[in-house]
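Computed over heavy atoms, backbone and side chain alike; hydrogens, waters and symmetry mates excluded. Note that ligands are numbered from 1 as they come in the structure, with each ligand's atoms numbered from 1 the same way.
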Amino acid sequence: MSKLRFGICGLGFMGRSHFARLRENPRAEVVAVCDQDERRRGGDWRDALGNLDFMPGQGGRVSLAGVAAYATPDELIADANVDAVLITLPTPLHADVAVAALQAGKQVLCEKPMATRVGACDRMIRAAQASGKTLMVAQCIRFWPQYEMIKRCVDEGRIGAVQFMTLRRLGSPPTYSAGNWLLDGRQSGGALLDLHVHDVDFAHYLLGAPESIFARGTRGPSGDFDHVVATWGYPQGRYVALEGGWALAAPWTFDMEIAVHGEHGTLGWALSRGRDVLLRTSGDKTEPIPCDGDALQHEQDYFIECVQSGRPVARCTPFSSRMSIVLAWLERRAIQTGRVVRVSERLRATWGR
Ligand SMILES: NC(=O)c1ccc[n+]([C@@H]2O[C@H](COP(=O)([O-])OP(=O)(O)OC[C@H]3O[C@@H](n4cnc5c(N)ncnc54)[C@H](O)[C@@H]3O)[C@@H](O)[C@H]2O)c1
């Protein structure tokens, strides 16, 4: 099988993190990059970026010999050597670049959030349907080894029917982004749509769309909601509690955490607690479940596999990423109205598409 030839649009935190893995992937090749910043597209990556060390031991000056370097996404999309466009640009650019790439016949892997507006998600989905090419949103938590393991254990019934789940993701304001776009809520949608959306996505991926949503939020440095607490209601009194944001005073060590409680036990993990998922069942037994691997690698491998086999991206459909944006907006409505928001039957019936 020939290698899938990637063009990466955006060489900030996520572009570099993906680049480092794609370079090691025997089924992929990076043939083009694009960034408006001349230094970055020339391989000078000495500035430190991001809230996680996604590139341990890498960075600095990178050799891009043999890789075409462009200043604009349009030029990269026009490059006939590029099979797949990886979009790691600021969120407001996702939809236009994805649509242009799909219309040019490219496969598209786009960073999360899909977009900050549902209408933009719809444009992306329509372009993918019209082109017949693959569109996948890089929901890395669905591919994070510990979250993958928790989903597998829940699906296998190891804790029985889920009664409640808690998801947390907290840090201090991100100050690294190009032109500080992350801290401009009009561009990023605040922590609600940029950071907390990871847990919104994982919650409905695991348990489906809720019946109701209640939420509180605080506006922070982005001008939008930078800290959110939400509860989602499910049938039979089951619920999900979510807390996320980047409003904590800096420097605050970023952490993410999940606990899923079922009728026969609890599954849990936190980034700060190490590698193992813990499974505790009612017989007082704690079973550490080792989890290895790398989320971005898993996500890239899955995308490549789907493109090369011609199979749909069933594990992470564009429609399910759109659902995450819809649910985040319903949380916003709950915060703004102070009321419980009912999730319509019609919307819930579309879950799983
Ligand atoms: N999966 C995750 O966990 C995760 C983590 C962080 C960010 N993200 C998402 O990844 C995307 C990128 O975020 P980031 O943190 O890498 O941002 P960033 O600011 O570090 O990088 C963006 C890059 O795009 C370049 N750029 C901006 N406008 C451009 C244009 N018009 N043409 C060409 N280049 C342009 C910038 O120069 C910069 O190098 C965002 O959608 C963000 O929400 C995902």
| query | What part of Glu111 sits under 4.0 Å from ligand 1 if we count only heavy atoms: the side chain, the backbone, both or neither? | reply | side chain
| request: Have a look at Asp226 and tell me which of Pro221, Pro173, Ser188 forms a side-chain contact (heavy atoms from CB on, under 4.5 Å) with it. | output: Pro221
| query | Is the shortest heavy-atom distance from the side chain of Glu331 to the side chain of His196 under 4.5 Å? | reply | yes
| Note, Tyr205 side chain near Ile141 side chain (heavy atom, < 4.5 Å) | no
| remark: Taking every heavy atom of Leu296 against every heavy atom of Cys140, the minimum-distance pair comes out as CD2-CB, 4.0 Å
| task | Measure the distances from the heavy atoms of Pro113 to every atom of ligand 1 and state whether one is below 4.0 angstrom. | result | yes
| remark: Among Pro90, Ala178, Pro92, Gly12, closest by heavy atom to atom 19 (O) of ligand 1 is Ala178
| message | For atom 2 (C) of ligand 1, tell me which residue out of Gln187, His198, His18 has the closest non-hydrogen atom. | response | His198
| N or O contact, Thr88 vs ligand 1, cut-off under 3.5 Å | no
| field | Closest heavy-atom pair and its distance - Ala128, Leu102 | value | N-CD1, 3.7 Å
| message | Distance under 4.0 Å to a non-hydrogen atom of Phe13: what atoms of ligand 1 satisfy this? | response | 5 (C), 6 (C), 15 (O), 16 (O), 20 (O)
| said: Distance under 4.0 Å to a non-hydrogen atom of Pro73: what atoms of ligand 1 satisfy this? | reply: 32 (N)
| request: Output, in order, the C-alpha distance, side-chain angles, deciding distance and verdict of side-chain hydrogen bond (donor to acceptor under 3.5 Å, both in side chains) for Thr350 and Arg322. | output: CA-CA 11 Å; Thr350 64; Arg322 174 195 187 273; 5.8 Å; no
| request: Below 4.0 angstrom from a heavy atom of Cys140, which ligand 1 atoms are there? Numbered from 1 as shown, please. | output: 1 (N), 2 (C), 3 (O)
| Are Trp144 and Phe202 an aromatic pair by the rule of ring centers under 6.0 Å? | no
| request: Decide whether an N or O pair under 3.5 Å exists between Met14 and ligand 1. | output: yes
| query | Does ligand 1 have an atom that lies less than 4.0 angstrom from a heavy atom of Thr72? | reply | no
| note | Tested for side-chain contact (heavy atoms from CB on, under 4.5 Å) against Met124, the lone hit among Cys110, Pro318, Ser321 is Cys110
| Shortest heavy-atom approach to atom 11 (C) of ligand 1 - which of Leu89, Asp47, Thr91, Val33 | Leu89
| query | Has ligand 1 got any nitrogen or oxygen that is less than 3.5 angstrom from a nitrogen or oxygen of His94? | reply | yes
| said: Against the six-membered ring of Trp329, is Arg332 placed for a cation-pi contact (under 6.0 Å from the centre, within 45° of the normal)? | reply: yes
| said: Looking only at distances, can you tell me whether any N or O atom of Ser177, backbone or side chain, sits closer than 3.5 Å to an N or O atom of ligand 1? | reply: no
| field | Ring centers of Trp269, Tyr147 separated by less than 6.0 Å | value | yes
| request: Give a yes/no on ligand 1: does Cys9 have at least one heavy atom closer than 4.0 angstrom to it? | output: no
| note | Counting from 1 in the order shown, the ligand 1 atoms closer than 4.0 Å to a non-hydrogen atom of Arg40 are 38 (C), 39 (O)
| Any N or O of Lys112 that comes nearer than 3.5 Å to an N or O of ligand 1? | yes
